[in-house]
Amino acid sequence: MNILLVEDQDDSRKTLSRLIGMRGHKVTQVATAEEAERALATDSFPFLILDWMLPGKSGIDLCRELRARQDGDKMFILLVTGKTDRADLEMALEVGANDYLTKPIDLSLLNVRLAVAERQIRDLTERNQARIALQQSARTLTDILENTTDGFFALDYAWRFTYVNREAEALFGRSRKELLGGELWQAFPELRGTAFEQNYRQVMAEQTPVEFEACDPRGTKWFEVHAYPSGGGVSAFFRDVTERKRAEDDRLTKGKIESLGTLAGGIAHDLNNILTVISGNIGLAQLEAPVEEKSLLGCLAKASQAAQEAAHMSSQLLTFSKGGSPVKKVVRMPELLAKSAHFSLHGSNLRAEMVIPPDLWPTEVDSTQIEQVINALMINAREAMPSGGTVDISARNVELDDKPGALLPGGRYIKVAIADHGGGVPVDMQTKIFDPYFTTKPVSSGLGLSISFSIVKKHGGMLHLEQSSPAGAAFAFYLPAARAEPAVVRTVAGSGLPSTLQRILVMDDEEGIRELTSQLLNTLGYEVTAVTDGVEAVNTYERAMRRGENFQAVILDATIRGGMGGLATISRLRNIDPSVVAIICSGYSDEAALAEFLQYGFRGALPKPFTRRDLADVLQRAVTSSKTEPAFVR
């Protein structure tokens, strides 16, 4: 052990040094307090032996000063004095001496004092080492807490902040200087009555850890919290999981829509077949009704209008069910946004503020369907701001990385955001707004957002509620960017029906539709042969060719229950007659062949329900295109 001996009398200093050295210690000798201070500045001494009476600064003054130093409790001080008065000895202990030894020095008593000192110094050294280790551990823990990506705070038994890390400052939006020492409920009174208060009080009362997720009182952010008892109070790690919750909600919404979509698609298909018969027969009745029967014609016109509205609803159901098979073309989004916004806000007390960069990438979309999406979002904004205001519309180019679990694959996208300044979407409704038929408006169908969700998904993009607060809500949708430029539209003059177009082959498994289509074609001057499935259609077409009584066109239903449908039938017919003029007909508006009929070998597409006019138009276009454009077959 390294011992500093401070004694001004040479004989006493040498004697004490020799006696102490006999116990195996290294002794440094000095004669004054000032020399002792210089020695302490260059070396470490766990054990000091000080003479009370020294020239200049006394030993008791030096003892007092040493104890006042930051590391003053790390050394053992033995005060040597010739004084035997009890008050003097008590003063020695009061100024910080661990023990004292009176002169003349008794050798046996010195050894006892040294043995006691050695034992206490070992204990003191161990405590100091433990304290250093604890301080180092505390510094390490502080470094970890200050650099973790989670927020962390500690509260004492009275709910006062005792520690707040850097990330917690950012998540709280408050500085630690402002929070430390203050009570949690005074700093954040809005937490009272929330899941945060309930769980923190449970931890405090039961002294058990709790993990939970909760939304902040403003309804803008979700937090994952791990709270646990600590030092009679509560400590908590917490992180912002808003994006994760949003992704989970988006996946849940997708699942709901996909499961209900299957049912909606089947219902809409059957409804379209029924509406085809209804609207078609209304059209026939209008042709047969005498001109002077104004009341009857008025009733038929109203019935026809109602059938058209029902057909529109059926179309919405089909779009919702599978997003509709978009008939895509490359377009520029600024023009589409401007047109749709103007139409949606016409006659309202709102105006649109558009921020769109001139270098916005083109995108390949079904313009009609995307207009439906924009219209739904604009209607939502109108309903959120009944007193008027501004709807903010923005678009920008974004490039997404391909990450595991991402809602969209990596690539180039156009992001369109439509924001209102209404009251926002309540937290408890944010997971329901894309559910079919969910609405808070008494006159709303509740299909607008759910259908829009399906349309954007079918285009390879995503629609979601990006942000909501009492200051308003913002919806955003992403659409894949196209590398091609929009095509220049060319108008080709059409011609009338050729005089040779006499015989039409109709294939449909629904008897009512077969009869109706035949009657409508008869009124247009055609001779009709109607069959129930693809096999019969192929046989009938082949027999007619052998007799030289060719069909000028065939109308094929895409879906035949229990039989050969339109796609398989056209393949067989083209083997027999490569120049066959075929029209695909379907009650499913998302039928791929309706959107890309040329690629399947058809000359035209006829979605159900259809009218006499629709039938005449599609026949004319099909025959005209067969003479000017070759059909492309997959």
Side-chain angles (χ1 to χ4, degrees), residues 246-272 310-329 331 333 336-337 340 344 363-381 406-409 413-418 425 429-439 441 444-466 473 475-480 558-559 586-596 607-608:
R246 181 175 293 153
E248 290 173 355
D249 292 342
D250 286 344
R251 289 190 180 93
L252 180 61
T253 300
K254 283 184 179 180
K256 289 179 182 178
I257 290 179
E258 287 171 357
S259 61
L260 289 173
T262 303
L263 175 63
I267 292 173
H269 172 264
D270 292 343
L271 180 60
N272 277 338
H312 178 67
M313 179 62 73
S314 176
S315 174
Q316 283 190 318
L317 278 173
L318 278 169
T319 302
F320 156 67
S321 69
K322 296 182 181 178
S325 185
V327 182
K328 297 180 182 179
K329 63 179 180 180
V331 301
M333 189 57 69
L336 194 61
L337 283 168
S340 302
S344 300
T363 181
E364 188 175 11
V365 298
D366 184 319
S367 298
T368 302
Q369 290 190 1
I370 297 303
E371 284 177 9
Q372 185 177 352
V373 173
I374 298 168
N375 184 58
L377 296 178
M378 296 300 286
I379 289 174
N380 192 71
L407 293 173
L408 287 174
Y413 292 86
I414 292 172
K415 177 187 177 184
V416 177
I418 297 178
V425 180
M429 294 184 184
Q430 291 181 9
T431 60
K432 303 175 184 177
I433 54 176
F434 294 110
D435 289 359
Y437 299 107
F438 175 79
T439 179
K441 311 296 187 298
S444 174
S445 68
L447 283 174
L449 288 179
S450 60
I451 290 173
S452 299
F453 185 96
S454 293
I455 288 174
V456 175
K457 180 184 175 186
K458 193 69 173 182
H459 279 76
M462 178 185 70
L463 167 65
H464 71 129
L465 175 64
E466 184 173 55
F475 288 85
F477 61 88
Y478 294 77
L479 294 171
T559 305
S586 178
Y588 285 111
S589 66
D590 70 322
E591 186 76 52
L594 286 181
E596 303 172 351
K608 298 175 184 176

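For the single chain, residues carry numbers from 1 onward in sequence order.
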Next item on the list: Hey, could you give me the CD1/CD distance between I455 and Q372, rounded to the nearest 0.5 Å?
Entry: 4.0 Å
Next item on the list: Output the distance between atom CE (M462) and atom CG (L408), rounded to the nearest 0.5 Å.
Entry: 4.5 Å
Next item on the list: First locate atom CG of L449, then atom CG of L463, and finally report the distance between them rounded to the nearest 0.5 Å.
Entry: 7.0 Å
Item checked: Smallest separation among heavy atoms of V331 and S367, with atom names -> CG1-OG, 3.5 Å
Checklist line | Interatomic distance, L465 atom CG to Q430 atom CD [nearest 0.5 angstrom] | finding: 5.5 Å
Item checked: For V416, the option from L337, L377, L336 that meets side chain to side chain contact (heavy atoms under 4.5 Å, CB included) -> L337
Notebook entry, point to check: Taking H459 for the side chain and D366 for the main chain, is one N or O donor matched with an acceptor at less than 3.5 Å?
Noted result: yes
Item checked: Pair I374-F477, side-chain contact (heavy atoms from CB on, under 4.5 Å): steps then yes or no -> CA-CA 10 Å; I374 298 168; F477 61 88; 4.2 Å; yes
Next item on the list: Measure across G461 and P480 and return the closest heavy-atom pair with its distance rounded to 0.1 Å.
Entry: N-CD, 4.3 Å
Checklist line | Within-4.5 Å side-chain heavy-atom neighbours: I370 and T363 | finding: no
